Amino acid sequence: GVFFNSTANSTAYNNTIQTNGTTANHGIRLESNANNNTITNNTISTQGTSSNFGITLLTTVSENTVSQNTIRTNGTTANHGIRLESNANNNTITNNTITTRGTSNNNVGISLVTTVSENTISQNTMLTNGGSINYGIQFGTNANNNTIINNTIQTNGTATNHGIHQLSSNNNSFISNDISTNGTGSFAISMLSSSDSFFNNNTLNNPVQWITIDSLSLQNNISNTTFATLNGSIKSINSTQIPISTIVNFEKLNISFNNSFLNTTNLSFLNTTAQITLRGLSFTDPRPLVDFNDDGVFTLCNPPQCVEV
C-alpha cells in the first residue's frame with residue numbers, strides 16, 4: 001500500500017489501494033513521527049489470512065487527519081479498519097466508512113491500543129462481521145482522554161460483538177453515537193478495568209444487550225441515554241454514575257409492545273426522570289399505567305410524575 005515513515009505535511013488523496021497476502025497487510029501506514037498529514041478520499045481494500053489493516057497510525061504520530069475514506073478489510077481474523085497504536089496522539093478520524101469482515105474472530109472497526117490519547121473519532125460508519133469478538137470501537141491499555149462523537153456502529157457475528165469495548169482505558173468521552181449489536185452476549189457498551197469515562201446522548205439501538213461494567217470500572221457516568229427497541233424507547237435524562245459490577249440486560253430493562261420495563265431494584269441508578277416512547281399504538285387517548293412497587297399491580301400515572309408529550 002502506502003507507507004509514510006517520518007513523513008510530515010503530506011497528502012494521500014483519491015487513491016485506490018488493494019493489498020493481499022498471508023498476514024500484516026496494510027492499506028496506508030503512518031509511522032515514526034509521521035505528523036500533520038492528510039489521508040482523504042481513498043478507497044482501500046486489504047485482505048489476507050490475518051492482520052489486515054485499512055489505515056494504521058503507529059509509534060509517535062500526531063496531528064494527522066484521516067477523513068472520507070472507504071475501507072474494507074477481509075480475512076480470517078484480526079481485520080481492523082483503522083488502528084491507532086503506541087503514542088498515536090491528537091489525530092482526527094472523521095467521516096470514514098469502514099467494513100471489516102473475517103471468517104473467525106477479532107474484526108474491529110476502529111482500534112485505539114497501547115497509550116493513545118487526545119484523538120477525535122467522529123462521524124464514522126462502522127460495520128463489523130465475523131465469528132465472534134467483533135468490536136465497533138476497541139480501546140486497549142492506556143487509550144485515554146479520547147473523544148468519540150456522532151459515529152454509527154453495527155456489530156455482527158456469533159457472540160461477544162460489542163459496540164464499544166474498553167479495556168484498561170480511562171477518561172474517554174462518548175457523545176451522540178448510535179450503537180447496534182448482533183450475536184449472543186453482545187453489549188452496546190462493555191467496560192473492563194476502565195474508569196472516569198462519560199457517555200452523553202448516545203442511542204443504544206436494539207442491541208442484543210445494553211451495558212456491562214466490571215468490578216474494576218469506577219466512576220463512569222451516563223446521561224441522555226436512549227435504550228431503543230423496535231417497539232419504542234426509554235431515554236434516561238439525568239446524569240448518573242454506573243455502579244461497578246453492573247449488567248443492564250433485556251431482563252432488567254426492556255421495551256415491548258405497549259410496555260416499558262425497568263427493574264428498579266437491580267438498576268436503581270436508572271430510576272430517574274425518563275422520556276418513554278411506545279410505537280405502533282392505535283389508541284385515541286392512551287393513558288400511562290405504572291407498577292410503582294414492582295409487584296405486578298398497575299395504576300394510573302398522573303402529572304407531575306407522568307406527563308404525556
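Quantities reported herein were computed from a predicted structural model and do not represent experimental measurements. Start at 1 with the first residue, then count along the sequence.
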- line: In short, Val116 meets Asn119 closest at the heavy-atom pair CB-ND2, 3.9 Å
- line: In terms of heavy-atom contacts, Pro207 and Ala228 come closest through CD-O, 4.2 Å
Working for side-chain contact (heavy atoms from CB on, under 4.5 Å), residues Asp291 and Phe261: CA-CA 9 Å; Asp291 177 3; Phe261 169 74; over 6 Å; no
For Leu278 against Ser260, the heavy-atom pair lying closest together: CD2-N, 4.4 Å
- prompt: To the nearest 0.5 Å, how far apart are CG in Asn95 and CG in Asn41?
  reply: 11.0 Å
field: Side chain to side chain, Thr246 and Ile211, heavy atoms closer than 4.5 Å
entry: no
query: Given the rule that I, L, V, M, F, W and Y join up when any side-chain heavy atoms are under 4.5 Å apart, are Phe53 and Ile39 in one cluster?
result: no
query: Can Ser223 and Asn200 be counted as having a side-chain donor-acceptor contact under 3.5 angstrom?
result: yes
field: Test side chain to side chain contact (heavy atoms under 4.5 Å, CB included) applied to Tyr135 and His80, Gln166, His165, the passing residue
entry: His165
- prompt: Can you find a side-chain donor-acceptor pair between Asn144 and Asn171 that sits under 3.5 Å?
  reply: no
task: Please check if the side chain of Asn156 supplies one atom and the backbone of Asn182 the other of a donor-acceptor pair under 3.5 Å.
output: no
field: Side-chain (Thr240) to main-chain (Phe269) donor-acceptor, under 3.5 angstrom
entry: yes
- request: Tell me yes or no: between the side chains of Thr40 and Ser67, is some donor less than 3.5 Å from an acceptor?
  value: yes
- request: Among Asn151, Thr125, Asn69, find the residue that satisfies the side chain to side chain donor-acceptor pair (under 3.5 Å) test when tested with Asn96.
  value: Asn69
field: Heavy-atom closest pair, residues Ile255 and Thr277
entry: CG2-O, 4.4 Å
query: Rounded to the nearest 0.5 Å, what separation is found between the CD1 atom of Ile133 and the OG1 atom of Thr158?
result: 8.5 Å
task: Report yes if some heavy atom in the side chain of Asn64 is under 4.5 Å from a heavy atom in the side chain of Phe4; otherwise report no.
output: no
- prompt: In Å and rounded to the nearest 0.5 Å, what is the CD to OG1 distance from Gln68 to Thr38?
  reply: 11.5 Å
Asn201-Ser176 side chain donor-acceptor pair, cut-off 3.5 Å: yes
- prompt: What is the ring orientation for Phe227 with Trp210, classed by angle as parallel under 30°, tilted 30 to 60°, or perpendicular over 60°?
  reply: perpendicular
message: Looking at Ser245, is its backbone amide N or carbonyl O close enough to the side chain of Asp214 to form a donor-acceptor pair, meaning the two atoms are under 3.5 Å apart?
response: no
message: In the structure I gave you, are the side-chain heavy atoms of Val66 and Asn91 within less than 4.5 Å of one another anywhere?
response: no
Reference residue Asn161; test side chain to side chain donor-acceptor pair (under 3.5 Å); the match among Thr155, Asn134, Asn105, Thr128: Asn134
statement: With sequence neighbours left out, the residues meeting side-chain contact (heavy atoms from CB on, under 4.5 Å) with Ser6 are Ser32
Pairwise salt bridge (Lys or Arg N to Asp or Glu O under 4.0 Å) hits with a residue in residues 63-87, at least two apart: Arg83-Glu85
message: Closer than 3.5 angstrom, by distance alone: can the side chain of Ser169 be matched with the main-chain N or O of Thr141 as a donor-acceptor pair?
response: no
message: Could you walk me through whether Asn224 and Lys235 satisfy the side-chain contact (heavy atoms from CB on, under 4.5 Å) test, starting with their C-alpha distance in whole Å, then the side-chain angles of each, then the deciding distance to 0.1 Å, before giving a yes or no?
response: CA-CA 6 Å; Asn224 294 306; Lys235 184 174 184 178; 4.1 Å; yes
- prompt: More than 12 heavy atoms of other residues, nucleotides or ligands under 6.0 Å from CD of Glu308: is that the case?
  reply: yes
- request: Could you label the plane-to-plane angle of the Phe174 and Phe139 rings as parallel, tilted or perpendicular, counting under 30° as parallel and over 60° as perpendicular?
  value: perpendicular
Minimum-distance pair of heavy atoms, taken over all atoms of Leu262 and Leu270: CD2-O, 3.5 Å
- line: Here the pair of heavy atoms bringing Gln209 nearest to Phe250 is OE1-N, 3.0 Å
